[in-house]
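Residue indices begin at 1 and follow the sequence shown. What you are looking at is a predicted structure, and each value in this text was computed from that prediction instead of being measured. The figures that follow rest on heavy atoms only: side chains count, while hydrogens, waters and symmetry mates do not.
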Amino acid sequence: MPVLPDMNDIFLEIHTDLVREAPGGDEYTRKAFQMLPSLSKPNILDVGCGPGAHTLELARLTDGTITAIDTHQPYLDRLQAAAEAAGFQDRITGLNQTMSSLPFPRSHFDLIWAEGSIYIIGFETGLTDWKLCLKPDGYLVVSELVWLRENPPSEVAEFWGENYPGMKHLSQVPEMISRCGYQLLDHFTIPETGWTDYYDGVESRINTLSDIYKNDDEAREVLEMERQEIEMYRKYKDWYGYEFFVMKLK
């Protein structure tokens, strides 16, 4: 969930040492990757890699090279250490780089991958801007927060209207994908376990930090925002979810 810049430190402290930074799991990374055709030694860009759980899974799934970008250096340091431990140091390169101005040549990557990160610049913006770096027959795989049902209850509609106003209904996404110059190959919804595994880690950190920052109003505000997000999912999980979209450049 987006956080104001002056609250960013406590947000990052909540997320310190989490396995991943969004709902997901290795099994869902594998499922999405298996929806692609066979790719021989692909050149892959992982956008918003976080601590790199899915980056490492991509390295296990392919014999290609991966450039993993993020703007939080501790995440990149964790990924580098994990890549070395797994023997992937020659195939994974971490780069401290924003996703909004990619410094790569045109038609450079066979595959761009973004799990739980495209919301930072917006779904349509990401699809439009990133395709410049894809080869003519390149692929784009993203997971994105979407409404799964029409007319959500006012409480959850207002929550996400404030925190992610660009959130679309699943039925709107295929047309947007086509308009941005891609063919939608397949898609699927991450099941509840992908959320609960993620939120279990977040909630544990919130409980620990609540005691530490009990006299810090600003920190408590961020902790409450994170706790509220978890409660929204528990109450309204049938209304929204993360959807993987597997696309090919037209």
Side-chain angles (χ1 to χ4, degrees), residues 20-22 24-70 75-76 79-80 82-83 86-144 173-174 176-188 190 242-250:
R20 60 186 72 250
E21 293 302 308
D26 288 349
E27 60 266 49
Y28 314 123
T29 300
R30 287 193 297 271
K31 181 175 180 177
F33 187 84
Q34 289 163 358
M35 291 174 172
L36 295 166
S38 178
L39 301 173
S40 178
K41 294 186 176 180
N43 188 14
I44 301 170
L45 175 64
D46 182 5
V47 180
C49 64
H54 63 265
T55 317
L56 295 168
E57 184 63 18
L58 287 173
R60 290 187 283 266
L61 290 166
T62 176
D63 57 358
T65 57
I66 304 171
T67 301
I69 66 170
D70 205 283
Y75 289 158
L76 296 170
L79 172 57
Q80 187 64 39
F88 295 142
Q89 64 272 18
D90 294 333
R91 295 203 288 120
I92 296 177
T93 301
L95 181 64
N96 194 317
Q97 168 65 44
T98 177
M99 66 177 69
S100 60
S101 56
L102 298 181
F104 308 107
R106 287 175 175 263
S107 304
H108 188 64
F109 294 102
D110 300 289
L111 170 63
I112 295 179
W113 195 278
E115 284 198 36
S117 62
I118 196 171
Y119 79 89
I120 294 171
I121 61 171
F123 189 77
E124 190 165 5
T125 299
L127 265 59
T128 302
D129 292 354
W130 299 347
K131 71 179 181 181
L132 298 175
C133 296
L134 277 176
K135 294 179 181 179
D137 293 324
Y139 298 88
L140 174 62
V141 179
V142 307
S143 64
E144 167 70 333
V173 177
M176 183 182 298
I177 287 172
S178 180
R179 187 172 69 247
C180 289
Y182 299 85
Q183 175 189 357
L184 179 61
L185 300 182
D186 215 334
H187 64 96
F188 67 91
I190 294 175
Y242 258 103
E243 192 82 6
F244 256 108
F245 297 98
V246 180
M247 297 163 269
K248 181 179 180 181
L249 198 61
K250 288 182 180 178

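Residue K41 places its NZ atom among 12 or fewer non-hydrogen atoms of other residues, nucleotides or ligands, all under 6.0 Å distant.
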Could you go through F188 and K31, starting from their C-alpha distance and side-chain angles, then the distance that decides it, and tell me whether this counts as side chain to side chain contact (heavy atoms under 4.5 Å, CB included)?
CA-CA 9 Å; F188 67 91; K31 181 175 180 177; 3.8 Å; yes

Report the C-alpha separation of L79 and L56 in whole Å, then their side-chain angles, then the decisive distance to 0.1 Å, and conclude whether the side chain to side chain contact (heavy atoms under 4.5 Å, CB included) test is met.
CA-CA 8 Å; L79 172 57; L56 295 168; 4.2 Å; yes

V246 and Y139: side chain to side chain contact (heavy atoms under 4.5 Å, CB included), yes or no, with the steps?
CA-CA 8 Å; V246 180; Y139 298 88; 5.7 Å; no

Output, in order, the C-alpha distance, side-chain angles, deciding distance and verdict of side chain to side chain contact (heavy atoms under 4.5 Å, CB included) for L140 and L249.
CA-CA 8 Å; L140 174 62; L249 198 61; over 6 Å; no

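Annotation: the span from T98 atom OG1 to I121 atom CD1 amounts to 7.5 Å, rounded to 0.5 Å. I118 contributes atom CD1, which lies 5.5 Å from atom CZ of F123 (distance to the nearest 0.5 angstrom). The NZ atom of K135 sits 8.0 Å away from atom NE2 of H108, with the distance rounded to the nearest 0.5 Å. Taking CD of E21 as the start and CD of E115 as the end, the distance is 12.0 Å to the nearest 0.5 Å. For the atom pair CZ of R106 and CG of L134, the computed distance is 12.0 Å after rounding to the nearest 0.5 Å. Note that OH of Y242 is 6.5 Å distant from OH of Y119, once rounded to the nearest 0.5 Å.
Distance alone, capped at 3.5 Å, places no donor-acceptor pair between the R179 side chain and the E124 backbone. Remark: the backbone N or O of L76 is not paired with any side-chain donor or acceptor of D70 at under 3.5 angstrom. The backbone N or O of D110 lies less than 3.5 Å from no partner atom in the side chain of N43, so there is not a single donor-acceptor pair. Formation of a donor-acceptor pair under 3.5 Å by the S143 side chain with backbone atoms of G116 is found in this model. Remark: the backbone N or O of C180 is paired with a side-chain donor or acceptor of K131 at under 3.5 angstrom. Side chain of W113 to backbone of F33: no donor-acceptor contact under 3.5 angstrom is found.
Within the 4.5 Å cutoff, the side chain of L102 has heavy atoms near those of the L45 side chain. Looking at heavy atoms from C-beta onward, E144 lies out of side-chain contact with V173 at the 4.5 angstrom threshold.
The shortest non-hydrogen separation linking A53 to R20 is CB-NH2, 3.6 Å. Considering every non-hydrogen atom in both I66 and D46, the closest pair reads CG2-CB, 4.1 Å. The nearest pair of heavy atoms linking T55 to C49 is OG1-CB, 3.6 Å. Across all their heavy atoms, A59 and I92 have their closest contact at CB-CD1, 3.9 Å. For the pair I112 and C133, the tightest heavy-atom approach, listed with the atom from each and the gap, is CD1-CB, 4.4 Å. Closest non-hydrogen pair, D137 versus K248, comes out as O-CE, 4.1 Å.
For F109 and F104, the gap between ring centers is short of 6.0 Å.
Considering L185, T29, L36, I44 as possible partners of V141, the one that fulfils the side chain to side chain contact (heavy atoms under 4.5 Å, CB included) test is L36.
Residues satisfying the ring-ring contact (aromatic ring centres under 6.0 Å, His included) criterion with Y75, sequence neighbours excluded, are H72.
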